[in-house]
Amino acid sequence: MNKKTIRDLDLKGKKVFCRVDFNVPMKDGSITDETRIRAALPTIEYLVEQGARVILASHLGRPKGEVVEELRLTPVAARLSELLGKDVKKSDEAHGSAAEAAANALNDGDILLLENVRFYPGEEKNDPELAKAFAQLADVYVNDAFGAAHRAHASTEGIAHHLPAAAGFLMEKELDVLGKALSNPERPFTAIIGGAKVKDKIGVIDNLLDKVDNLIIGGGLGYTFIKALGHEIGKSLLEEDKIDLAKSFMEKAKANGVNFYLPVDVTVADDFSNDANIKVVNIDSIPADWEALDIGPKTIDTYRKVIMDSKLVIWNGPMGVFELDAFSKGTKGVGEALADSENTYSVIGGGDSAAAVEKFGIADKMSHISTGGGASLEFMEGKELPGVVALSDK
Ligand SMILES: Nc1ncnc2c1ncn2[C@@H]1O[C@H](COP(=O)(O)OP(=O)(O)OP(=O)(O)O)[C@@H](O)[C@H]1O
Ligand SMILES: O=C(O)[C@H](O)COP(=O)(O)O
């Protein structure tokens, strides 16, 4: 990486504004998945060991510039304190006199968590005044919030123009793994793209078609491709206006010598529920009143073989409606193939695929699970991430 990392900074006694992504799912005031908090621990622990005065900042949810009581970071401070086995102070402000007083009261190795930065309208507008106010709290800036690196906000981008700015360990690792995959992949290199809509995956499919040996398609977005091949898809998800694009992707795959895999069979249902009537049909036999909600067993077998023969696999998006048990076999099958394939380096591109491998209890068998949903998708589209661009060059 050509950007500074925390190893390049002199941290002893310095106040460090460290942007993390503590945007964790919450239910009734409790954190339901603390993966992102754990992922930031190496950076926080390093800052503490180096004798920095650690000022953590994060967003939580989308409060749209207003204080939303349920989106305060207080429960996160409590959990972080438990995980670190160390006191974590919490400020109810993220800048201004109260936050400054709290920052100035820190001793070397102390930790303060600021309030949700999205309580301020200037955060998402990347307001220069707010960026300056954040910068005023500290001597240096560390960005470890890979999950928010695709956002040009005051705490992810603006602030980096006012202080020496470096990447934390999580940011560094995410960029390293995804960057290597896209620039110098081990081959055969396979991408598995699923999820609901073609619309959301246009950039990533287009970019990966220039890089991969195999492109596997599953999930709701696959049916627009199957329609483009001339098959009837019943009530399955269809984006009429993307049929031509789907055709052009298949042509691009052919021109680039990329093996393009679509389902050959699917699980169809007469209702969107676990109790629906379901059956497996070949792709040319989807009944008019039924909806395809998962890939079928023959498809799972084929995808498994391709995965097993790959050295590197990037996976983004589920193969079916994995939240319902009746339609989770395809996503589970792909996850298990990755788990079983010892010679395959598996990169899970965040979001629903990360949730799926957690659900199936195979997360620890994956080589890398990205903490970024949108961020990893934009990275895979080949876009520059503003939160990374703004960091100081080496
Ligand atoms: N055949 C299908 N029909 C309808 N919905 C589907 C089908 N296959 C998958 N889905 C749904 O698609 C959703 C996931 O797709 P979505 O594009 O929202 O997320 P993703 O691709 O994992 O990206 P991220 O979570 O990172 O935003 C899941 O909720 C899943 O139930
Ligand atoms: O959950 C995420 O993907 C990140 O925390 C970014 O959140 P956002 O989509 O609300 O900007």
Side-chain angles (χ1 to χ4, degrees), residues 19-26 33 35-37 39-40 58-64 71 116-118 123-124 126 144-153 155-157 174 192-202 204-205 217-226 233-239 263 266-269 271-274 276 278 283 286 290-296 299 314-331 334 348-359 369-381 385-387:
R19 177 59 157 98
V20 288
D21 185 358
F22 285 165
N23 184 27
V24 289
M26 310 262 290
D33 179 357
T35 309
R36 281 179 165 170
I37 304 178
S58 178
H59 72 285
L60 175 63
R62 294 177 173 169
K64 298 200 162 65
L71 295 177
N116 190 342
V117 289
R118 287 195 186 166
E123 165 66 2
E124 291 185 68
N126 201 0
D144 211 25
F146 174 75
H150 58 316
R151 309 290 185 208
H153 294 172
S155 71
T156 61
E157 203 275 345
E174 294 268 17
I192 307 171
I193 303 296
K197 295 188 190 117
V198 180
K199 174 170 84 55
D200 298 336
K201 304 287 159 84
I202 298 172
V204 74
I205 295 175
I217 298 278
L221 64 84
Y223 303 102
T224 298
F225 286 86
I226 288 162
I233 58 169
K235 288 186 171 163
S236 313
L237 283 183
L238 171 66
E239 288 155 272
V266 288
T267 297
V268 294
D271 190 20
F272 194 96
S273 91
N274 263 328
I278 62 172
I283 211 62
I286 299 178
W290 295 53
E291 181 176 7
L293 295 175
D294 197 8
I295 57 174
T299 306
I314 286 187
W315 179 19
N316 180 282
M319 298 291 98
V321 183
F322 74 102
E323 300 93 333
L324 299 178
D325 285 345
F327 314 108
S328 64
K329 288 197 182 78
T331 305
V334 160
I348 312 302
D352 275 312
S353 332
V357 293
E358 280 291 342
K359 175 177 166 160
I369 302 178
S370 177
T371 50
S376 64
L377 208 57
E378 290 203 17
F379 194 90
M380 286 191 264
E381 288 173 13
L385 306 179

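Just follow the structure's listing: the first ligand is 1, and inside any ligand the first atom is 1.
Close contacts of ligand 2 with Arg62, meaning ligand atoms under 4.0 Å from a residue heavy atom, involve 8 (P), 9 (O), 10 (O). Counting atoms of ligand 1 from 1 in the listed order, those under 4.0 Å from a heavy atom of Leu237 are 3 (N), 4 (C), 5 (N). Here is the list of ligand 1 atoms found below 4.0 Å of a heavy atom in Tyr223: 1 (N). Interface of Asp21 with ligand 2, defined as ligand atoms under 4.0 Å from a residue heavy atom, comprises 4 (C), 5 (O). Listed by number with element, the atoms of ligand 2 under 4.0 Å from a non-hydrogen atom of Asn23 are 1 (O), 2 (C), 4 (C), 5 (O), 7 (O). Within ligand 2, the atoms closer than 4.0 Å to a non-hydrogen atom of Arg151 are 8 (P), 9 (O), 11 (O), numbered from 1 in the order shown. Contact atoms of ligand 1 toward Gly317: 21 (O), 22 (O) (distance under 4.0 Å to a heavy atom of the residue).
Looking at Asp33, its side chain never comes within 3.5 Å of a backbone N or O of Pro25 through a donor-acceptor pair. Using modelled atom types, no side-chain atom of Asn23 and backbone atom of His59 make a donor-acceptor pair closer than 3.5 Å. Counting only distance, with no hydrogens or angles, the side chain of Arg118 and the backbone of Glu123 share no donor-acceptor pair below 3.5 Å.
Nearest heavy atom pair, residue Ala269 against residue Ala276, reads CB-CB, 4.0 Å. Of all the heavy atoms in Gly372 and Ser376, the pair that sits closest is O-OG, 2.7 Å.
The proximity of Ala292 to ligand 1, defined as any non-hydrogen pair under 4.0 Å, is limited to the backbone. When heavy-atom distances to ligand 1 are checked against a 4.0 Å cut-off, Phe327 has no atom that comes that close, whether in backbone or side chain. Heavy atoms of Glu124 found under 4.0 angstrom from ligand 2: none, in either backbone or side chain.
Of the protein's non-hydrogen atoms, Gly351 CA, 3.4 Å is the one closest to atom 26 (O) of ligand 1. Distance from atom 3 (N) of ligand 1 to its nearest protein heavy atom, with residue and atom name: Leu293 CD2, 3.6 Å. The nearest protein atom to atom 11 (C) of ligand 1, hydrogens excluded, is given as Ala196 CB, 4.3 Å; this is a heavy-atom distance. In terms of protein heavy atoms, atom 23 (O) of ligand 1 is closest to Lys201 NZ, 4.1 Å. Protein heavy atom in closest approach to atom 2 (C) of ligand 2: Arg36 NH2, 3.3 Å. For atom 5 (N) of ligand 1, the nearest protein heavy atom (residue, atom name, distance) is Val321 CG2, 3.6 Å.
Looking at His59 next to ligand 2, an N or O pair under 3.5 Å apart turns up. Checked by distance only, ligand 1 and Gly195 stay at 3.5 Å or farther apart across all their nitrogen or oxygen atoms. At least one N or O atom of Glu323 sits closer than 3.5 Å to an N or O atom of ligand 1. Ligand 1 has an N or O atom lying under 3.5 Å from an N or O atom of Gly220, backbone or side chain.
Side-chain polar atoms of Thr371 and Glu174 form a donor-acceptor pair below 3.5 angstrom. With hydrogens and angles left out, the side-chain atoms of Thr156 and Arg19 include no donor and acceptor closer than 3.5 Å.
Nearest to atom 13 (C) of ligand 1 by heavy-atom distance, out of Asp352, Asn316, Asp294, is Asp352. Among Ala375, Pro25, Gly147, Gly351, the residue whose heavy atom sits closest to atom 6 (C) of ligand 2 is Gly147.
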- Message: Test side chain to side chain contact (heavy atoms under 4.5 Å, CB included) on Met380 and Ile314; report intermediate values, then the result.
- Response: CA-CA 9 Å; Met380 286 191 264; Ile314 286 187; 3.3 Å; yes

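Asn274 CG to Glu323 CD: the interatomic distance, rounded to the nearest 0.5 Å, is 10.5 Å. Note that CZ of Arg36 and CG of Asp144 are 12.0 Å apart. Values are rounded to the nearest 0.5 Å. Remark: Ser353 OG to Lys359 NZ distance equals 13.5 Å, nearest 0.5 Å. Rounding to the nearest 0.5 angstrom, the gap separating the CG atom in Asp294 from the CZ atom in Phe322 is 11.5 Å. To the nearest 0.5 Å, atom NZ of residue Lys199 and atom OG1 of residue Thr224 are 12.0 Å apart. Separation of atoms CD1 (Ile283) and CD1 (Ile233) is listed at 9.0 Å; rounding is to 0.5 Å.
For atom 16 (P) of ligand 1, the nearest protein heavy atom is under 4.0 Å away.
Ligand 2 has Arg118 within reach: a non-hydrogen atom of the residue lies less than 4.0 Å from it.
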